[in-house]
2 protein chains.
Amino acid sequence: MQTFDSVEDLHEFVEVLLRRIDQRYTAGRRAVVELLASSDHPLSISDIEIRTPTIPRSSAYRHLSDLHRAGVLRRITASDEFARFELAEDFLHHHHHLLCSSCGRVIDVTPTASFERTVARMVHELTDEQGFLATSHALDVIGHCASCQN
Amino acid sequence: MQTFDSVEDLHEFVEVLLRRIDQRYTAGRRAVVELLASSDHPLSISDIEIRTPTIPRSSAYRHLSDLHRAGVLRRITASDEFARFELAEDFLHHHHHLLCSSCGRVIDVTPTASFERTVARMVHELTDEQGFLATSHALDVIGHCASCQN
DNA sequence: CTACTTGCAAATGCTTTGCAGGAGA
DNA sequence: TCTCCTGCAAAGCATTTGCAAGTAG
């Protein structure tokens with residue numbers, strides 16, 4: 001999933017980003033980053049709490065907020081209103097999300113290059129007249145995941 | 001903006017949707033619907049509070065929740081995490097959103113028919129392998145609006 | 001040493017809910 | 001007259017913050 005050859009490279013880059021805002025890369029933050037890096041979908045606070053029980057809630061919130069501020073994480077909001085986090089796209093392949101409106105689950109899907117060329121062209125089409133300067137885009141598909149269709 | 005010839009048609013349809021869930025179309029709910037219908041972009045709770053000061057917060061929340069449950073409204077989450085509401089797409093033209101990450105503003109943009117055909121084809125491409133049943137999609141463009149680019 | 005981190009508990013702030021009086025049909 | 005609606009105040013709940021002890025460099 002990562003565009004880094006090794007986990008060490010990932011950590012090194014995260015550390016650089018944190019240093020830019022005078023933050024240290026401590027064990028707790030490392031644990032959060034590793035958890036997110038090992039997941040194939042965005043995690044909510046409770047996901048994180050369950051999988052790193054030694055980290056108190058308030059610290060987890062602070063880690064997420066600091067890492068987000070440093071540009072390491074991306075915060076997304078699904079159909080339910082729990083914030084979910086994933087590594088920023090600098091660390092991952094660019095991808096889109098399938099949001100299950102039944103269970104709230106978020107599924108990552110990686111588009112093909114030609115797919116993305118088309119999206120980029122279309123984004124331009126939408127923004128040009130508005131004088132809007134696009135920095136990124138998100139194509140969310142809302143529906144029901146395979147396990148919620150019985 | 002509406003696909004209805006008159007505001008009366010809009011209200012009539014809303015009333016039907018509410019009746020389906022044994023709810024009445026009262027003055028407060030009407031005011032919320034009219035406000036959303038007159039806006040060219042999604043409104044947050046505080047927008048609504050400011051523009052309909054006679055409606056108490058708790059009632060506004062209840063109206064939004066009931067109207068949402070009836071299928072009249074669509075709830076969206078922008079880059080800041082304030083919920084915003086707009087009329088469901090049955091009442092509006094299908095459209096996408098430009099999200100300004102500087103000021104949080106949400107701008108509606110209406111795509112062309114050929115644009116949407118392409119999006120629909122691409123959505124299929126993303127979901128088919130996952131066994132995911134798509135019901136709708138949202139293409140959000142993140143960036144900076146014209147007034148936030150100085 | 002000096003500055004950043006962390007854990008706990010308390011506080012915040014948005015949102016929801018209980019309840020009693022009011023209104024629609 | 002039965003059921004739904006509304007306003008107020010109180011409660012809930014995810015998230016944030018103050019503070020003091022801990023740790024990195």
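Naming: A, B, ... by sequence-line order, numbering from 1 per chain.
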Practice task
Could you tell me the separation between the OG1 atom of A:Thr127 and the CD1 atom of B:Ile142, rounded to the nearest 0.5 Å?
Solution key: 12.0 Å

Practice task
Could you tell me the separation between the CG atom of B:Leu64 and the C1' atom of D:dC5, rounded to a whole number of Å?
Solution key: 15 Å

Exercise for the section: Only counting residues at least two apart or in another chain, list the ones meeting salt bridge (Lys or Arg N to Asp or Glu O under 4.0 Å) with B:Asp66. Expected result: B:Arg29, B:Arg69

Practice task
Using whole Å, report how far CD of A:Gln23 lies from P of C:dT6.
Solution key: 9 Å

Practice task
Scan residues 51-65 of chain A for pairs that pass side chain to side chain donor-acceptor pair (under 3.5 Å), counting only residues two or more places apart or in two chains.
Solution key: A:Glu49-A:Arg57

Problem - Nucleic acid contacts of residues 53-62 of chain B, taken as heavy-atom distances under 4.0 Å to DNA chain D - result: B:Pro56, B:Ser58, B:Ser59, B:Arg62

Exercise for the section: Taking side-chain contact (heavy atoms from CB on, under 4.5 Å) as the test, write out the residues that go with A:Glu12, two or more places apart. Expected result: none

Problem - Euclidean distance, atom CD of residue B:Glu49 to atom P of C:dC14 [Å, nearest integer] - result: 10 Å

Exercise for the section: Describe the nucleic acid contact of B:Asp22 in one word from base, sugar-phosphate, nothing, applying a heavy-atom distance below 4.0 Å. Expected result: sugar-phosphate

Problem - Residues in side-chain contact (heavy atoms from CB on, under 4.5 Å) contact with B:His124, at least two apart in sequence or another chain - result: B:Asp128

Completion exercise
Dot-bracket for DNA chain D, 5' to 3', Watson-Crick and G-U pairs with both distances under 3.5 Å, [ ] for crossing pairs, | for partner on another strand, reads |||||||||||||||||||||||||

Handout entry: Side-chain N,O (A:His63) to OP1/OP2 (C:dT5) below 4.0 Å
Key = no

Practice task
Sequence neighbours left out, what passes salt bridge (Lys or Arg N to Asp or Glu O under 4.0 Å) with B:Glu15? Give chain and number order.
Solution key: B:Arg19

Completion exercise
With sequence neighbours left out, the residues meeting side-chain contact (heavy atoms from CB on, under 4.5 Å) with B:Ser44 are B:Ser46, B:Asp47, B:Arg84

Practice task
Apply ring-ring contact (aromatic ring centres under 6.0 Å, His included) to B:His11 and list each qualifying residue two or more places apart in sequence or on a separate chain.
Solution key: B:Tyr25

Practice task
Check the distance between D:dA14's P and A:Phe85's CZ and give it to me in whole angstrom.
Solution key: 14 Å

Exercise for the section: Provide, to the nearest angstrom, the distance between the CG atom belonging to B:Asp66 and the C1' atom belonging to D:dT6. Expected result: 11 Å

Fill in the blank from the handout: A:Arg29 has its side chain closest, among C:dT6, D:dT15, C:dT15, to C:dT6

Handout entry: Integer-rounded Å distance: C:dT16 P and B:Arg69 CZ
Key = 12 Å

Fill in the blank from the handout: Residue set satisfying ring-ring contact (aromatic ring centres under 6.0 Å, His included) with A:His137, at least two apart, ordered chain then number -> A:His94, A:His96

Handout entry: Backbone N/O of A:Leu36 and side chain of A:Ser39: donor-acceptor pair under 3.5 Å
Key = no

Strictly under 3.5 Å: I want the nitrogen or oxygen pairs between protein and nucleotides 21-25 of chain C, one per line.
| unit_1 | atom_1 | unit_2 | atom_2 | d |
| --- | --- | --- | --- | --- |
| C:dG24 | N2 | B:Arg24 | NH2 | 3.4 |

Practice task
Identify, with sequence neighbours excluded, every residue that meets side-chain contact (heavy atoms from CB on, under 4.5 Å) alongside B:Arg121.
Solution key: B:Thr118

Handout entry: Separation of atom CZ in A:Arg30 from atom C1' in C:dT6, rounded to whole Å
Key = 17 Å

